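What follows is a single structure, written as structure tokens, with notes after it.
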Amino acid sequence: MNRVVAVAMSGGIDSLVAAWLLKRYAKQVIALHFTTGFETDKDTPDAVAGLAFRLNIPFHPVDLSSAFRKQVVDPFVRTYLSGETPNPCMACNTAIKFGALLTAARELGAEALATGHYARVRPDARHHCHLHKGADAAKDQSYFLGFLNQKILSAAVFPLGDMTKTEVRHLAAQEGLHPTHRQESQDICFVRNQTCAAFVATRANVAHGPGPILTLDGERIGTHPGIHGFTVGQRRGLNCPSSEPYYVVRIHPGENTLVVGRKTDLYADRVRVHRLNWLVARPDVPLRVTTRLRYRHQGATATVHLTDTDVATVRFDHPQKAPAPGQGAVFYQGDKVVGAGVITA
RNA sequence: UGGGGCGUCGUCAAGCGGUAAGACACAGGAUUUUGGUUCCUGCAUUCGGAGGUUCGAAUCCUCCCGCCCCAG
């Protein structure tokens, strides 16, 4: 690879190993570390700078707090308040990492941006770039990249795509690569030590208070503390004792109401999606795909029927449990990501 | 206060003289580069209260308290 490549370094083991690997085949490597304004550990930039120094690559901190707040955090709060369930990691990948950060990388002279994602980019005969699952099935993160496009992918590099997590750990140990002691994985990075609901509540302009919990028959069986603390398919927190557990089936923000049902009420044979994104040519006929409805969903065979420019109905071969509005539905054909949309109902 | 019934964990509920099941809820943990799901663990030294019978009572007896139903 004869390109100048910037690498997004968080301080974690994955991006550290990615940077190390990149040094072996890129023309030149530049380390970038972006901050969101929600960091717990304010020393991280310096620590990451230290890692870059040891790798002997130039380091640039990038403050993306404004963009992060506007494009990730605020939409996250808004989505919860509207009764849907956001996926901030997907928003971050498109708007921040392969958005603002990629722009910053280019301004520094880089032609591509590398990250520690477990995913692969492969060009076809016409040099169009395609997104594929990472080699490590247990770690594959292509789902989170479903809203990227071919143009962006042509500037994306995933050095860990062919590796397993175990291999990454071994390599790090072997080469003496020590990440800044941060935990392997947290929950949502900006929520930190509070619950999601608490985070949303403190950042919400309009407070959502308690409201009724109704069964599918319309019977009121309880009171919820605020719809932003719930998502379709959720069981915990309802506080409605019964012979068997209740799950959230629907959320009505207008009425500030939660509708609950039994586990069997969670299954849907189709789902509607909007904000469609295609990583291949937009199909003009119903498309057979395997759809992931959430990260770590094994995928369900389905047919995508386009109903409008960026709207479609996804019909599953077999009913799927608890598709949640706001979550991404990512379409695969084999290992290749062909498209994605946001679940609406 | 005539007659009948019932009071066991936050909720529902087993138990019927042999030393308190279970489900739901809740809490904590595990898993997880989103939320949710899932999994694991914990959760009544005590059975409305007070006495009594018994080697032994939530289980039998007495009284009291509370609730429900039928009569009035």
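Keep in mind it's a predicted model, so treat the numbers as computed, not measured. As a basis for the values below, the full set of heavy atoms in this structure was taken, side chains included, without hydrogen atoms, waters or symmetry mates. Chain letters run A, B, ... following the sequence lines, proteins first and then strands; every chain starts at 1.
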With A:R122 via side chain to side chain contact (heavy atoms under 4.5 Å, CB included) - residues at least two apart:
A:R120, A:H132
Going by purine N1 to pyrimidine N3 plus the second Watson-Crick contact, or the G-U wobble pair, all under 3.5 Å, which nucleotide sits opposite B:C67?
B:G5
Around A:H170, counting heavy atoms of other residues, nucleotides and ligands shown, do more than 12 lie under 6.0 Å from its NE2?
no
Inter-nucleotide C1' distance (B:G29, B:A13), Å rounded:
28 Å
Ring-plane angle category for A:F199 and A:F190, please: parallel below 30°, perpendicular beyond 60°, tilted otherwise.
tilted
When rounded to the nearest Å, what value does the distance between C1' atoms of B:U34 and B:A20 take?
43 Å
Taking pairing as Watson-Crick or G-U wobble with both contacts under 3.5 Å, can you name the mate of B:C16, or confirm there isn't one?
none
Given that A:H117 and A:E244 both sit by RNA chain B, which one's nearest nucleotide is further toward the 5' end?
A:E244
Just name whichever nucleotide pairs with B:U41, Watson-Crick or G-U, keeping both distances under 3.5 Å, else none.
B:A27
Spacing of the P atoms in B:G18 and B:U41 (rounded, Å):
30 Å
Kindly state which residues belonging to residues 88-96 of chain A come within less than 4.0 angstrom of RNA chain B, counting heavy atoms of the residue only, listed by number.
A:C89
Inter-nucleotide P distance (B:G15, B:U53), Å rounded
29 Å
Under the rule for side chain to side chain contact (heavy atoms under 4.5 Å, CB included), what residues qualify as partners of A:T231, not counting sequence neighbours?
A:T85, A:Q234, A:A324
Return the nucleotide paired to B:C47: Watson-Crick means purine N1 to pyrimidine N3 with N6-O4 or O6-N4, wobble means G-U with N1-O2 and O6-N3, both under 3.5 Å.
none
Roughly how far apart, to the nearest Å, are B:U19 and B:G2 at atom C1'?
41 Å
Looking across every strand, which nucleic acid part, if any, lies under 4.0 Å from A:L266 by heavy atom: base, sugar-phosphate, or nothing?
nothing
When you compare B:C67 with B:U32, how far apart are their C1' atoms, in angstrom units rounded to a whole number?
49 Å
Can you sort out the partners of A:V338 under side chain to side chain contact (heavy atoms under 4.5 Å, CB included), two or more places apart, ordered by chain and number?
A:V280, A:L287, A:V289, A:F331, A:Q333, A:K336
Which part of the nucleic acid, if any, lies within contact of A:A322, taking any heavy atom under 4.0 Å across all strands shown: a base, the sugar-phosphate backbone alone, or nothing?
nothing
Does A:G237 reach a base, just sugar-phosphate, or nothing at all? Heavy atoms under 4.0 Å.
sugar-phosphate
Would a 4.5 Å heavy-atom cut-off, applied to side chains only, mark A:E175 and A:L16 as touching?
no
Pairing residues for A:R78 by the side chain to side chain contact (heavy atoms under 4.5 Å, CB included) criterion, not counting sequence neighbours
A:D74, A:P75
Check ring pair (Phe, Tyr, Trp, His ring centres under 6.0 Å) between A:H228 and all other residues, then give those that pass, not counting sequence neighbours.
none
Results of ring pair (Phe, Tyr, Trp, His ring centres under 6.0 Å) for A:Y295 - residues two or more places apart only:
A:F144
C1' atom, B:U38 versus B:A50: distance in rounded Å?
49 Å
In chain order, what residues pass the salt bridge (Lys or Arg N to Asp or Glu O under 4.0 Å) check against A:D335, with sequence neighbours excluded?
none
Measure the distance from CZ on A:F147 to P on B:U34 and round it to the nearest whole Å.
16 Å
Result block: side-chain N/O donor-acceptor pairs under 3.5 angstrom for residues 104-112 of chain A, not counting sequence neighbours:
unit_1: A:E111; atom_1: OE2; unit_2: A:V4; atom_2: N; d: 2.7

Say we look at B:C60 and B:C16: how far apart would their P atoms be, to the nearest angstrom?
11 Å
With the criterion being N/O to N/O and under 3.5 Å, what pairs connect the protein with nucleotides 6-8 of chain B, and how long is each?
none

So which protein N/O to nucleotides 36-43 of chain B N/O distances come out below 3.5 Å?
unit_1: B:G36; atom_1: O2'; unit_2: A:G233; atom_2: O; d: 3.1
unit_1: B:G36; atom_1: O2'; unit_2: A:Q234; atom_2: N; d: 3.0
unit_1: B:G36; atom_1: N2; unit_2: A:R294; atom_2: NE; d: 3.1
unit_1: B:U37; atom_1: OP1; unit_2: A:R235; atom_2: N; d: 2.9
unit_1: B:U37; atom_1: OP1; unit_2: A:R236; atom_2: N; d: 3.0
unit_1: B:U37; atom_1: O2'; unit_2: A:K321; atom_2: NZ; d: 3.1
unit_1: B:U38; atom_1: OP1; unit_2: A:Y247; atom_2: OH; d: 2.6

Identify whether any heavy atom of A:N87 sits under 4.0 Å from a base atom; if not, whether one sits that close to sugar-phosphate; answer base, sugar-phosphate or nothing.
base
State which residues pass salt bridge (Lys or Arg N to Asp or Glu O under 4.0 Å) with A:R69; sequence neighbours excluded, sorted by chain then number.
none
What nucleic acid atoms does A:Y80 come within less than 4.0 Å of, heavy atoms only: base, sugar-phosphate, or nothing?
sugar-phosphate
Would the distance check show the side chain of A:N256 and the main-chain N or O of A:P210 forming a donor-acceptor pair, the cut-off being under 3.5 Å?
yes
